[in-house]
Amino acid sequence: MGTLWWNGTFFTMVHEGDQVEAVFTEDGKIVAIGTAEELRQKYRTRINQEMNCDGAYVYPGFVDSHLHMIGHGEKLLRLDLSTVMNAEDMREKLMERVALTEEGDWVTAEGWNENNFPDQKIFHRNELDEIAPNHPMILTRVCRHAILVNSKALQLAGISKDTADPPGGRIVRDELGEPTGYFLDTAQELVKRVAPSVSAAYLERALAAAVDDMVAKGLVGGHTEDLGYYLGFNQTFATFQRVIDGNTRRFRAHLLVHHEVIDDMIKAGYCKGPVGEWLEFGAMKIFADGAFGGRTALLSEPYCDAPTTSGVAIHTQEQLTNLIKKARQYKLPVAIHTIGDEALRMAITSIEAHPVTEGRDRLIHTQVTPPSLVERMKKLKVILDIQPAFVPADFPWVEERLGNERLSYSFAWKTLLRSGMALAGGSDAPIEEVDPLYGIYAAVARKKATDQHEGYLPEEKLTRYEALQLYTTGSAYAIEREHERGNIRPGYVADFTMLNRNLFTCREEELLTTRVEKTVIGEAIVFQA
């Protein structure tokens with residue numbers, strides 16, 4: 001028996017402007033769309049309940065195409081420094097946390113960003129020692145490609161002046177060669193490996209907090225990468241199975257698998273595709289470079305504000321090619337983190353050597369996209385996972401990193417769309433806010449709400465329809481689900497995001513204050529305001 005959803009405006013996203021007034025669903029799927037009267041008449045013997053949408057504006061369920069769900073949950077549970085706007089406030093928050101922490105226990109925090117500080121201060125380990133002389137401390141930067149640690153943490157990790165930089169990472173040092181406490185990319189693991197491992201109960205709390213927060217923000221699913229961290233593949237995947245069981249919580253989680261645990265997935269008997277109704281395995285995840293914040297994104301030419309470095313390559317070209325070859329042996333697409341143009345070139349070169357045979361490859365972030373590389377990408381079966389929120393977050397300081405010439409083909413979402421590239425939209429949470437409405441706003445406004453200008457690189461603004469496609473049809477296309485997700489049409493899943501505003505006609509700034517009325521997954525209401 002089914003449900004008639006009526007008294008709403010349902011935007012099908014089949015094409016711009018297409019809308020209907022009612023939808024009939026059954027067994028978690030959309031059966032028919034049309035007027036309430038005609039659906040009542042046609043399906044009167046199969047309708048066992050009616051849901052009055054109370055005038056809401058209804059969209060295909062929003063899906064975040066790239067994030068780290070457990071990391072997002074951790075941000076909700078841990079000390080969050082992402083809103084701190086100066087070094088003194090960061091110091092005070094850390095001192096408050098130290099005072100509440102048992103002596104000798106680790107002090108952890110997430111999300112600091114020196115680019116938000118007027119003086120762009122990065123704490124030295126000696127300053128952290130003053131805050132926490134008797135606690136090891138590890139502070140994760142907002143990009144998650146860098147950490148700050150104090151001397152206690154260095155001692156426990158056995159790190160000294162003589163410790164070598166690992167491949168794909170860097171220990172920042174002072175003029176005497178001593179570690180400053182600032183660790184970039186793979187160098188983070190030198191400290192993280194001695195930090196206490198998290199418990200299964202902690203992982204469960206973090207994932208549950210993430211799902212609950214995401215559905216409250218109108219998300220019905222997410223493409224997430226978590227399985228290579230924490231307690232390893234088996235226990236982390238078991239956490240997903242316990243938390244998203246379809247009873248306590250339902251959510252469509254598409255799981256990318258880090259290349260370091262891909263063998264564990266295969267040994268456990270899994271392959272690409274669904275594991276039950278709510279979980280499915282996707283591409284093999286590879287990091288090709290770092291991020292702009294710590295100047296570890298890999299560029300073909302040096303940074304304008306740091307001419308001695310071009311960033312960090314996580315793998316050599318040969319290593320990257322071999323990883324992709326391994327994915328193909330397992331009949332898997334790849335999802336490669338590529339922020340700088342040199343990392344993108346390396347990824348394209350390796351994919352060209354071993355083209356995908358099943359599914360679509362994904363290039364995640366793709367923030368610096370020179371025309372020559374776009375032409376090469378167009379010949380591949382790839383989709384680009386972009387994060388619209390990176391524009392208001394990274395500007396204006398990213399201009400100093402890249403310079404005007406490179407900036408002209410960076411964060412170029414509109415240019416990429418016009419070139420024929422397929423785009424999906426995500427938050428990269430916990431890096432940015434998981435709210436899809438903020439992502440939509442960032443795609444069309446390309447500025448912070450408080451900025452008094454027309455937006456950064458305004459020629460790259462997306463239309464409302466293009467921005468909404470990122471979180472609906474784009475996210476579905478990325479995982480080969482475009483024939484059953486991302487639209488409101490017969491045969492598709494009954495996933496809806498119900499809002500109190502028409503996103504196509506409301507004022508731009510109203511995108512940020514739009515309220516989620518209901519989130520529906522598989523015909524069930526999982527959140528209601």
Side-chain angles (χ1 to χ4, degrees), residues 67-81 94 97-98 100-112 125 128 132 134-159 163 166 168-169 171 179 181-211 224-244 253 255-265 267-268 270 279 285 287 314 429-431:
L67 80 159
H68 309 272
M69 286 176 62
I70 293 177
H72 175 57
E74 286 186 288
K75 183 178 178 180
L76 296 171
L77 298 179
R78 287 181 173 180
L79 175 60
D80 177 16
L81 300 174
L94 291 172
R97 181 53 59 104
V98 169
L100 297 171
T101 305
E102 196 88 22
E103 188 169 307
D105 286 351
W106 284 71
V107 173
T108 61
E110 298 264 340
W112 62 272
R125 64 180 168 85
L128 298 182
N134 303 311
H135 301 77
M137 176 179 277
I138 183 167
L139 312 176
T140 303
R141 193 182 182 280
V142 63
C143 62
R144 291 204 154 194
H145 287 267
I147 56 171
L148 286 172
V149 301
N150 65 353
S151 296
K152 203 83 171 172
L154 291 180
Q155 291 166 12
L156 290 171
I159 296 169
T163 304
I171 303 169
Y182 191 25
F183 288 70
L184 303 175
D185 283 290
T186 60
Q188 298 175 88
E189 299 307 318
L190 299 175
V191 181
K192 287 183 176 180
R193 68 189 181 193
V194 300
S197 61
V198 299
S199 67
Y202 169 84
L203 271 194
E204 200 161 318
R205 285 199 309 276
L207 184 56
V211 173
T224 183
E225 195 255 311
D226 309 270
L227 300 174
Y229 319 102
Y230 309 109
L231 300 176
F233 173 84
N234 290 307
Q235 289 194 65
T236 306
F237 179 57
T239 300
F240 274 89
Q241 291 177 302
R242 286 194 301 272
V243 172
I244 307 173
L255 309 175
L256 304 184
V257 186
H258 194 284
H259 74 87
E260 290 183 345
V261 294
I262 201 73
D263 290 331
D264 296 330
M265 182 189 90
K267 286 176 186 173
Y270 297 113
L279 305 175
K285 174 72 181 290
F287 284 87
I314 305 298
I431 313 306

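Since we're looking at a predicted model, the values are computed, not measured.
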Spatial distance of atom [atom1] ([X]) from atom [atom2] ([Y]) [nearest 0.5 Å]:
{"X": "Phe237", "Y": "Arg242", "atom1": "CZ", "atom2": "CZ", "answer": "11.0 Å"}
{"X": "Ile138", "Y": "Phe183", "atom1": "CD1", "atom2": "CZ", "answer": "9.0 Å"}
{"X": "His72", "Y": "Thr224", "atom1": "NE2", "atom2": "OG1", "answer": "10.5 Å"}
{"X": "Leu207", "Y": "Thr239", "atom1": "CG", "atom2": "OG1", "answer": "7.0 Å"}
{"X": "Leu81", "Y": "Lys75", "atom1": "CG", "atom2": "NZ", "answer": "10.5 Å"}
{"X": "Glu74", "Y": "Arg205", "atom1": "CD", "atom2": "CZ", "answer": "11.0 Å"}

Apply side chain to side chain contact (heavy atoms under 4.5 Å, CB included) to the pair Leu156 and Trp106, showing each step before the final yes or no.
-> CA-CA 11 Å; Leu156 290 171; Trp106 284 71; 3.7 Å; yes
Which heavy atom of [X] sits nearest to which heavy atom of [Y], and what is that distance?
{"X": "Asp226", "Y": "His68", "value": "OD1-C, 3.4 Å"}
{"X": "Gly104", "Y": "Pro136", "value": "O-CD, 3.5 Å"}
{"X": "His258", "Y": "Glu225", "value": "CB-OE2, 3.6 Å"}
{"X": "Ala209", "Y": "Leu77", "value": "CB-CD2, 4.5 Å"}
{"X": "Val261", "Y": "Val257", "value": "CG2-CG1, 3.9 Å"}
{"X": "Leu256", "Y": "Leu227", "value": "O-CD1, 4.0 Å"}

Take Leu203 and Gln235 through the side chain to side chain contact (heavy atoms under 4.5 Å, CB included) test and state the conclusion after the steps.
-> CA-CA 9 Å; Leu203 271 194; Gln235 289 194 65; 5.7 Å; no
Report the residue from Tyr202, Tyr230, Tyr229 that forms a side-chain contact (heavy atoms from CB on, under 4.5 Å) with Ile70.
->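 The passing option is Tyr230.
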Are side-chain heavy atoms of [X] and [Y] found at a separation under 4.5 Å?
{"X": "Met137", "Y": "Arg125", "value": "no"}
{"X": "Arg97", "Y": "Leu94", "value": "no"}
{"X": "Pro179", "Y": "Thr163", "value": "no"}
{"X": "Leu139", "Y": "Leu128", "value": "yes"}
{"X": "Lys192", "Y": "Ile147", "value": "yes"}

Could you check His145 against Asp185 for side-chain hydrogen bond (donor to acceptor under 3.5 Å, both in side chains), going step by step and ending with a plain yes or no?
-> CA-CA 5 Å; His145 287 267; Asp185 283 290; 2.6 Å; yes
Kindly determine whether Val98 and Asn134 satisfy side chain to side chain contact (heavy atoms under 4.5 Å, CB included), including the steps that lead there.
-> CA-CA 9 Å; Val98 169; Asn134 303 311; over 6 Å; no
Within the distance-only criterion (no hydrogens, no angle test), does the side chain of Asn150 pair as donor or acceptor with the backbone N or O of Ala132 below 3.5 angstrom?
->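 Yes, the answer is positive, given that a donor and an acceptor are paired below the 3.5 Å cut-off.
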